[in-house]
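In this text the structure is predicted, and so the values were computed from the model without any measurement.
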Amino acid sequence: MAGTLDTFPRLMLEHARVRPDHPATREKDLGIWQTWTWRQVADEVRALACGLASQGFRRGMHLAIIGDNRPRLYWSMLAAQCLGGVPVPMYQDAPAAEFVFVLNDAEIDFAIVEDQEQVDKVLEAKPQVPTLAHICYDDPRGLRNYEGILSFERLQALGREFDRANPGFFDAEVAKGGADDVSVMLYTSGTTGKPKGVRQTHSAFIAAARGGCEFDRLGPSDSVLSYLPMAWVGDHLFSIAQWVYAGFTINCPESGDTVLTDLREIGPTYYFAPPRIFENLLTQVMIRMEDAAAPKRWIFRRFMDVARRCGAEKLDGKPIAASDRALYALGNLLVYGPLRNVLGMSRIRVAYTAGAAIGPDLFRFYRSIGVNLKQLYGSTETCAYCCLQPDGGVKLDTVGMPAPGVEVKIGESGEVLVRGPMLLKEYYKRPDATAEAIDRDGFFHTGDAGYFGADGHLRIIDRAKDVGALASGAMFAPNFIENKLKFFPHVKEAVAFGHGRDKVCAFVNIDVGSVGNWAERRGLPYSGYADLAAKPEVYELIRECVEQVNAELASDPALASSQVSRFLILHKELDPDDDELTRTRKVRRSFVAEKYAVLVDALYGGKSVQHIVTQVKFEDGRSGTVAADLRIVDTPTFGPDAARKAA
Amino acid sequence: MLYREAGQFKSSYAADQQIFPIRQDRIAVGAVLVFAFIVVPLTADQYWLSAILVPFLIFSLAAIGLNLLTGYAGQLSLGTAAFMAVGAFAAYNFLLRVPGMPVLVAFVLAGACAALVGILFGLPSLRIKGFYLAVATLAAQFFIVWALTKFGWFSNYSSSGVINAQKIEILGYRFDSPLSKYLLTLSIVAVLALAAKNMVRGTVGRSWMAVRDMDVAAEVIGFPMLRTKLSAFAVSSFYCGVAGALYAFCYLGTVEPEGFNLDLSFRILFMIILGGVGSILGSFLGAAFIVLFPIFLNSVAGPLEHAIGVKLPAGLMSNLELMIFGALIILFLIVEPHGLARLWQIGKEKLRLWPFPH
Amino acid sequence: MEQRRIGEVILRLEDISLAFGGVKALSEVSFDVREHEVRAIIGPNGAGKSSMLNVINGVYHPQVGRITYRGTQRQQMVPHEAARQGIARTFQNIALFKGMSVLDNIMTGRNLKMKATILEQAIRFGRAGREELEHRRKVEEIIDFLQIQHIRRTPVGKLPYGLQKRVELARALAAEPDLLLLDEPMAGMNVEEKQDMCRFVLDVNEQYGTTIVLIEHDMGVVMDISDRVVVLDYGRKIGDGTPDDVRANKAVIDAYLGVAH
Amino acid sequence: MAFFFEVLIGGLLSGVMYSLVALGFVLIYKASGVFNFAQGAMVFFAAMAFVVLLQDHGVNFWIAFALALGMMILLGLATEKFVLRPLVNQPQITLFMATIGLTFFIEGLAQLLGGANVRGLDIGIQDEPIAAIANATGINVSRFDLAAAGVAAVLVTSLALFFSRTRIGRALRAVADDHQAALAVGIPLHQIWGIVWAVAGFVALVAGMLWGARNGVQFALTFVALKALPVLILGGFESIPGAILGGLIIGAAEKLAEVYLGPFVGGGIEGWFPYVLALLFLLVRPEGLFGEKHIDRV
Amino acid sequence: MMRALKSALAGVAMLGFAASAQAQNEQFIPMAGYWVGPYAAGGSGIYGGFIDYLDMVNARDGGVGGVKLTYEKCETEYNNARGVECYERLKKKGPTGASVFHPLSTGITYSLIDKATADKIPIISMGYGRTDASDGRYFPYIFPLVTNYWSQNTAKIKFIGQREGGMDKLKGKKIVNIYHDSAYGKETIPVLDAQAKKYGFAVTHIAVPHPGNEQGSQWLQIRQIRPDWVILRGWGVMNPTALKAAAKVGFPRDKMIGVWWSGAEEDTIPAGDAAKGYIAAGFNVAGENYPVVQDIKKHVYAKGKGEMEDKSRIGSIYYNRGVVHGIITVEAIRKAQEKYGKKPLTPEQVRWGIENLNIDEARLKALGATGFMQALKVSCLDHEGGGAVKFQQWDGTKWKVITDWIQPDRELVRPMIEQSAAAYGKEKNIAPRDCSKES
């Protein structure tokens with residue numbers, strides 16, 4: 001790329017020039033994959049940018065973007081950037097009340113939203129957001145009679161008119177843009193405190209995109225499915241930065257319900273998903289295989305054994321026995337290939353997971369069936385990643401080596417520190433926070449505890465502040481334990497307690513799909529989550545899982561004392577709407593501990609049953625209470641010897 | 001298992017609505033065509049060509065015809081053979097009486113004649129349904145065969161009522177070897193099968209299925225009952241007519257009206273029941289089964305006698321064949337009313353979902 | 001919200017009487033329907049509501065009476081003729097084509113707009129292929145409108161009841177009718193499905209300006225969404241007017257006494 | 001004129017023979033809504049079973065009759081169990097096709113049993129003109145036809161009595177009216193169907209003996225079923241009087257047509273004439289002579 | 001799939017022929033007949049006699065000229081399509097292919113004329129098939145041997161003339177031709193019309209629809225016409241039905257003359273008493289007291305073999321007709337061996353044998369078939385060979401021969417045949433052979 005291609009608008013225009021007929025964006029709509037080429041995208045963006053300009057959008061202004069992954073919303077980001085503005089994508093599933101903060105914090109004047117649902121929320125928030133003046137919507141359905149809002153078509157029509165009236169305007173605006181302009185502002189999910197607007201420049205994100213693309217040799221012929229929340233940095237990297245950098249094709253699914261179908265149809269070559277998605281997929285696979293006829297199950301098990309034995313090694317290019325090679329080839333024909341196919345992963349060259357730790361079994365499963373799944377490590381502040389796993393150098397328990405051009409070191413407290421071109425410019429209007437996060441040497445403090453192994457790979461243990469200690473002084477890394485529990489398909493969510501206590505106890509959320517299927521096969525009737533969760537049989541099932549985790553923990557001297565000695569199954573699913581999870585579905589441990597204090601007390605108090613009444617919010621916004629008597633179960637823990645045997 | 005569909009997405013309606021939207025299917029169909037047009041001619045002997053493949057193709061065509069009427073439009077007909085007879089005799093007469101008539105045109109006109117007769121006998125379908133209609137189509141069966149026997153003009157006053165199909169000559173090339181007849185039949189059947197597939201996935205096919213599934217609703221959304229049913233009779237009879245012409249010209253060479261008897265009608269009905277009601281593919285599968293199965297039984301009988309050294313009672317195999325056919329019909333209706341085609345479909349679904357069961 | 005302009009009378013039924021054998025289904029019923037309005041027909045079971053719809057689109061032929069549609073008076077009409085004049089409908093007992101997919105079912109609704117001959121369809125040349133694609137797009141818009149994308153390829157027989165009803169509505173809408181007759185569109189639905197269906201009916205009426213005549217048992221729904229209501233009882237008209245009028249009508253209250261709603 | 005009457009009477013009497021076959025159809029249709037195409041094959045099978053017992057095994061006439069009846073009842077019950085019951089609630093047209101399959105099965109079975117040759121069957125009534133009548137009026141009336149008509153009359157009367165007077169008969173009628181309702185009031189549907197198929201087997205045996213005595217017992221006997229179809233269309237599928245009257249009309253009409261119309265068109269019109277007649281009739285009255293008008297509720 | 005099936009079939013066939021695979025000194029004769037369906041009686045009887053005769057020749061003489069006769073059955077069900085399939089399946093069997101094909105069905109014969117001519121396989125349609133094929137110039141491979149329908153019909157009229165007391169007495173007589181409404185049934189209509197013209201009698205053709213088990217109205221018509229004679233041209237179940245129907249309308253059975261396909265025990269026995277007195281033509285006679293039949297019993301049945309399950313059918317009309325099929329086939333092979341040597345012969349060589357067949361009375365005696373069948377001499381011009389028929393009458397239990405061989409009216413028939421064959425030749429564009437150049 002020539003040196004002048006230092007902003008996203010310029011990159012986009014370059015693609016429109018170099019590969020005008022190459023598909024840039026696809027969207028499953030009206031039954032087929034509607035396709036826009038780079039030239040068409042550039043056109044659309046131009047019209048949109050001019051439209052925004054005609055409505056008074058100026059350099060430096062913020063454009064809120066709210067909705068599912070729609071081509072027009074992606075284009076809106078580019079349009080804002082063309083004008084020197086800053087797109088601010090927001091989590092589309094947040095309620096109106098949560099909008100208010102970001103809209104106010106970012107001083108939003110313009111918002112482009114997806115549909116009636118988002119319009120309603122924005123309008124609900126509007127009285128508290130004095131700056132908000134312009135609302136534009138993509139899908140006109142149900143919006144016929146709304147006053148004072150603008151349709152996307154109308155905006156573009158105005159833009160074309162404006163463009164005709166001011167022919168040189170658009171190009172001049174693009175020319176004014178500089179590499180160090182802020183290209184996007186992403187709000188951190190805010191595991192703690194209020195969200196902060198992370199301001200990233202064109203150069204930072206382009207550097208990140210370039211690094212990733214070169215690292216994994218991504219080019220125009222690649223294809224990704226854009227289905228992750230647009231407000232998340234990962235999606236911004238993959239669906240905007242790398243898209244516009246490499247010139248490949250982004251594909252927007254028809255709706256949230258059809259992601260899996262759409263994934264299969266598109267068959268992306270480059271894929272990115274948080275561990276949860278991979279986990280769900282694997283759970284689906286296992287559930288569906290349970291229903292298969294016996295011979296098929298036998299074949300599946302037989303070849304999955306083979307894959308476990310040599311699949312990952314084969315993918316890493318390590319030598320394996322000839323007999324295994326033959327078996328693997330047969331397995332590839334009978335099981336792995338079809339499996340990749342039904343999962344929509346046949347064409348995947350590179351898949352990444354990040355955002356949370358991924359279970360070794362899970363990770364190994366995908367790699368063993370031939371999906372080149374890798375981990376990366378990073379945050380919003382580092383443009384999504386700072387460590388990557390290189391092909392052939394994938395280790396299950398690490399997040400890889402520092403990405404090209406990135407410096408990573410471990411701070412004195414064991415915290416991971418990062419320095420490089422893709423670091424954030426600042427937190428918006430939060431110089432204090434900025435100063436706190438970036439030290440004098442320019443290192444960004446990630447807040448994660450980790451260490452480098454002898455192989456140069458970084459290993460992350462937990463959030464630095466979450467790593468605690470048991471009363472005995474032994475290290476207690478709750479995330480680590482929770483993740484281990486969550487690696488079982490039956491466990492959807494787990495919350496471990498133990499900091500400052502004498503032992504570790506846990507809350508468990510069962511996975512209704514997996515456990516429900518399990519129950520059905522045993523002819524166990526149940527009426528819903530709460531009922532299912534209370535079944536003694538289910539308790540027994542989960543107890544076995546916990547026991548297994550204990551066995552594994554026991555085998556590691558550092559963690560042996562972190563074995564879960566008691567647990568209970570929660571009567572409701574943890575839900576972001578109840579603030580128990582973040583929007584990225586991370587557990588808010590302290591909130592949960594506070595909310596369910598009575599349960600925590602019961603766990604440590606040695607009770608076997610505890611009554612609880614909980615406030616819940618229903619989908620329609622109403623709230624109510626749920627009451628239940630929860631059983632608490634003891635689980636055996638292992639001494640080092642027993643552990644070795646059990647493991 | 002063999003189906004790897006990930007990455008096969010459609011970005012236009014044209015691509016989405018093609019006959020075989022799945023790439024592997026297209027490859028398979030291509031392979032079948034290559035096999036039929038190239039491999040078979042290179043390898044098959046005369047027996048296979050003229051005694052099995054040609055009748056198989058012709059019966060497939062007739063079965064498609066019946067399937068359009070019965071499977072798609074829901075009008076049960078027991079008069080298929082009669083419409084074939086119309087086609088055979090019409091083609092003969094066109095070639096006999098119109099000097100310089102090209103054979104293919106004669107075939108088309110023969111189909112058209114059959115279509116006209118089909119429309120005539122389809123008229124009662126407006127007032128009567130179900131097996132009342134089935135019985136009415138028997139009238140066509142008996143009447144047409146009788147008329148062809150009775151009026152000497154149809155058979156050019158041949159003393160026996162038998163007609164000798166004329167030589168087939170297209171653009172100066174004589175189709176008289178089994179291979180050339182096979183290729184001619186194959187081409188015609190392939191083209192017509194494609195056309196049938198096109199029809200059933202177009203408006204006319206939907207109109208037939210609508211009438212079949214819920215006739216009042218069909219009328220309410222604007223399918224005129226008269227035109228829809230008659231179009232089904234016409235198209236169906238056209239196919240049967242062409243099949244009849246091929247039966248006379250490419251297969252037997254000489255035919256008499258009695259050859260197109262009720263038994264043949266039943267045979268074709270069985271083809272669609274076993275093969276799959278409402279499926280073009282099923283028509284082929286059913287025809288293959290009905291053509292091959294008796295031959296198989298018959299040809300194992302002799303060697304079997306030799307092998308076990310016991311003389312089988314005369315007619316045992318033939319009677320067993322009747323019984324097996326009958327039992328199979330019942331079995332299929334009970335177990336898989338959509339026939340072999342559905343089994344195929346299920347198998348394909350399984351392969352597409354493999355390793356998952358559903 | 002009041003953007004629809006209720007227009008002139010487009011359908012007028014006068015003195016309709018219909019009998020099967022000796023049984024009188026309708027006796028001298030008269031009422032009219034105005035353009036763009038939502039007109040409800042209510043009444044207890046056996047009141048002749050469905051018969052009324054069947055008379056309007058020609059499934060039944062009244063022995064006595066006149067029907068005037070868009071200024072043309074007629075004694076009777078065959079159903080496909082009614083379809084040709086822009087009358088579409090759904091049925092009380094779902095009348096989908098069970099052997100076809102959702103997509104094909106809805107495509108049948110477009111049949112009157114397709115002009116290709118059988119021959120053209122057979123070779124799928126020119127008009128035939130083009131039409132299939134154009135109308136597919138139209139159908140996709142309706143699928144989108146009714147939010148049934150996920151079941152596009154499903155055979156209708158496999159769908160739950162509520163979705164079948166929705167597909168049937170889609171099929172009727174595909175014809176882009178001027179007058180839409182809905183025979184108990186919400187029967188047998190749960191509250192949520194009913195809400196959806198109400199919204200769809202109103203959306204249709206609003207967005208396309210379609211005149212709607214519907215039969216419905218759920219009084220709440222009727223009163224909410226209809227502009228005017230006709231009340232039948234034992235084949236006779238006992239009330240006609242706005243929902244409020246009807247609610248206050250003595251005869252109607254009597255007829256409904258004991259009918260829990 | 002005498003000849004006309006002879007043709008007419010001959011036609012009416014052979015019509016009775018058709019009715020006899022049609023009766024089997026009606027019985028089964030009435031009770032189970034199945035249009036049993038295999039009735040013709042059952043006639044063939046019954047006659048074959050009887051003849052084989054009588055001739056190949058030298059069994060006494062009445063014992064052979066009883067044994068053949070037993071076989072027919074078994075066949076009927078088996079049909080009910082293995083064909084009808086699994087297909088319950090299927091569309092009628094499916095059941096119809098199933099009985100076509102059954103036809104082939106029974107045909108094969110019968111020929112396996114008795115071979116393919118024409119077998120003569122003598123039941124002691126000669127198919128000859130009654131001399132007294134011939135001498136008095138010049139009209140030939142076959143003794144056999146008259147006897148067959150007598151048998152048919154007895155059969156119809158007894159069936160009518162069976163239907164109206166016995167408990168089973170009433171249950172049968174209830175089943176015919178509404179399967180679901182019958183099931184609801186506790187009528188054992190399968191048992192009833194079994195009985196009906198058995199009775200139909202009995203009727204087939206009687207018809208088979210008469211037809212076999214007349215034409216010889218051979219495969220071609222199955223074709224008499226084809227003659228019974230127009231009779232049914234004319235008479236309606238559910239009416240016993242319809243079957244009788246339809247048989248008479250078809251018998252008389254086809255004979256008159258063949259004799260008076262046939263020579264003008266080359267003869268041999270008997271094969272299709274009844275069908276065309278029935279078809280024309282259908283166009284006027286789709287529900288048959290005694291059928292009830294059916295209204296589609298939508 | 002086809003390939004797989006084919007090899008599967010081949011595998012099964014191999015299994016069967018494994019024992020005889022090495023013995024290549026064989027002459028293969030296909031047996032495409034029918035053992036089921038409405039016409040099974042004829043098929044099973046004729047092929048029974050045919051096969052038994054071949055087995056007898058193999059057992060008694062060790063084959064023909066040391067060449068063993070082999071055969072394979074194929075069920076045609078009297079159905080043209082199945083017949084063609086049998087033909088195609090069997091035509092290449094054996095070391096030299098099918099020596100000669102007997103379709104035993106007029107319809108199948110018609111379907112095979114072109115194919116067999118192209119394949120150079122002789123077709124013998126003995127007493128059926130296409131009459132004008134008797135003109136060998138146009139039909140080199142088709143042999144309607146012994147007698148054809150037209151010849152037989154003229155003989156029949158001659159017989160009636162005899163009975164009436166002279167051919168001149170035929171004038172003004174009424175004859176009804178009641179026929180099976182098929183290709184077979186219709187064959188004789190033109191020749192009867194020609195004879196009616198020649199002798200001045202009136203003929204009425206009455207069609208009986210397939211399969212012929214309903215003849216009430218036809219016989220009422222006959223009763224109305226009150227003919228002097230009825231010619232029954234039936235097949236299968238039509239025959240007993242006709243006899244019964246005749247009895248029913250009181251038509252005298254001894255005024256009914258059946259064609260040879262209407263004159264077997266299987267036709268009369270089922271009719272019971274109604275058949276008594278009925279006369280039928282035949283080109284062979286019934287009875288087992290002929291040396292040839294006795295030889296079969298001795299060499300085949302005495303060893304526990306034999307085709308007939310029902311032994312009482314040995315010596316029946318159909319069975320004996322099968323024996324005639326056997327005699328002629330074997331004699332044709334024998335004749336051909338004279339020219340080509342004692343080895344398995346190709347079909348074309350057998351064809352020569354048939355065309356030059358000359359079975360005289362002396363040869364008949366040697367075969368043990370004197371009176372059993374007529375002498376015949378085939379030539380290039382004449383593919384019929386004989387042409388005479390004997391008349392037999394049913395006495396209630398068996399057939400009694402009532403005449404000697406009655407010769408046909410060759411002056412009438414031959415020109416018709418030649419005319420018809422020439423027309424066929426013209427339609428098909430076949431140049432006639434010059435028989436003077438054939439040897």
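In this structure, chain B has a heavy atom under 4.5 Å from the side chain of C/Asn57, while its backbone stays farther away. With a 4.5 Å cut-off on non-hydrogen atoms, C/Leu103 does not touch chain B at all. With a 4.5 Å cut-off on non-hydrogen atoms, C/Leu181 does not touch chain B at all. Heavy atoms closer than 4.5 Å to chain C are found nowhere in B/Ala234, neither backbone nor side chain. Heavy atoms closer than 4.5 Å to chain B are found in the side chain of C/Arg171, but not in its backbone.
The side chain to side chain contact (heavy atoms under 4.5 Å, CB included) search around C/Ala128 returns C/Ala116, C/Glu120, C/Gln121, not counting sequence neighbours.
Ion pairing between C/Arg152 and B/Asp16 fails under the 4.0 Å rule for side-chain N and carboxylate O.
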*Given side chain to side chain contact (heavy atoms under 4.5 Å, CB included), test C/Ile123 with B/Asn198 step by step and report yes or no.*
CA-CA 7 Å; C/Ile123 54 179; B/Asn198 278 338; 5.7 Å; no
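Using a 4.5 Å cut-off on side-chain heavy atoms (C-beta onward), B/Arg206 and C/Met114 make contact. Side-chain contact check for C/Phe97 versus B/Ile221: some heavy-atom pair is nearer than 4.5 Å. Within the 4.5 Å cutoff, no side-chain heavy atoms of B/Lys197 are placed close to those of C/Arg124. In this structure, C/Leu133 and B/Gln17 have side chains that are in contact, with non-hydrogen atoms separated by less than 4.5 Å. B/Met225 has its side chain out of reach of C/His80: every pair of non-hydrogen atoms, C-beta onward, lies at least 4.5 Å apart.
In this structure, C/Asn111 contributes its side chain and B/Ser207 its backbone to no donor-acceptor pair below 3.5 Å.
Ranking C/His135, C/Met100, C/Glu81 against chain B, the residue ahead of the rest is C/Met100, based on heavy-atom pairs under 4.5 Å. Of the residues considered (C/Ala95, C/Ala175, C/Ala172), C/Ala95 shows the highest number of contacts with chain B, using heavy-atom pairs under 4.5 Å. For the set C/Glu168, C/Glu140, C/Met107, C/Arg136, the entry with the most heavy-atom pairs within less than 4.5 Å of chain B is C/Arg136. Of all the listed residues (B/Arg212, B/Arg201, B/Met199, B/Met209), the one sharing the greatest number of non-hydrogen pairs under 4.5 Å with chain C is B/Arg201. Among the candidates B/Val204, B/Leu192, B/Val235, B/Val220, the residue making the largest number of heavy-atom pairs closer than 4.5 Å to chain C is B/Val220. Contact tally against chain C (heavy-atom pairs below 4.5 Å) for B/Ala210, B/Gly205, B/Ala14: the top residue is B/Ala210.
No more than 12 heavy atoms of other residues, nucleotides or ligands sit less than 6.0 Å from atom CZ of C/Phe125. In B/Lys10, the NZ atom is crowded: over 12 heavy atoms of neighbouring residues, nucleotides or ligands sit closer than 6.0 Å.
The shortest non-hydrogen separation linking C/Arg84 to B/Pro224 is NH2-CG, 4.3 Å.
Here side-chain hydrogen bond (donor to acceptor under 3.5 Å, both in side chains) pairs that include residues 226-237 of chain B, with residues two or more places apart or in two chains, are B/Trp208-B/Ser231.
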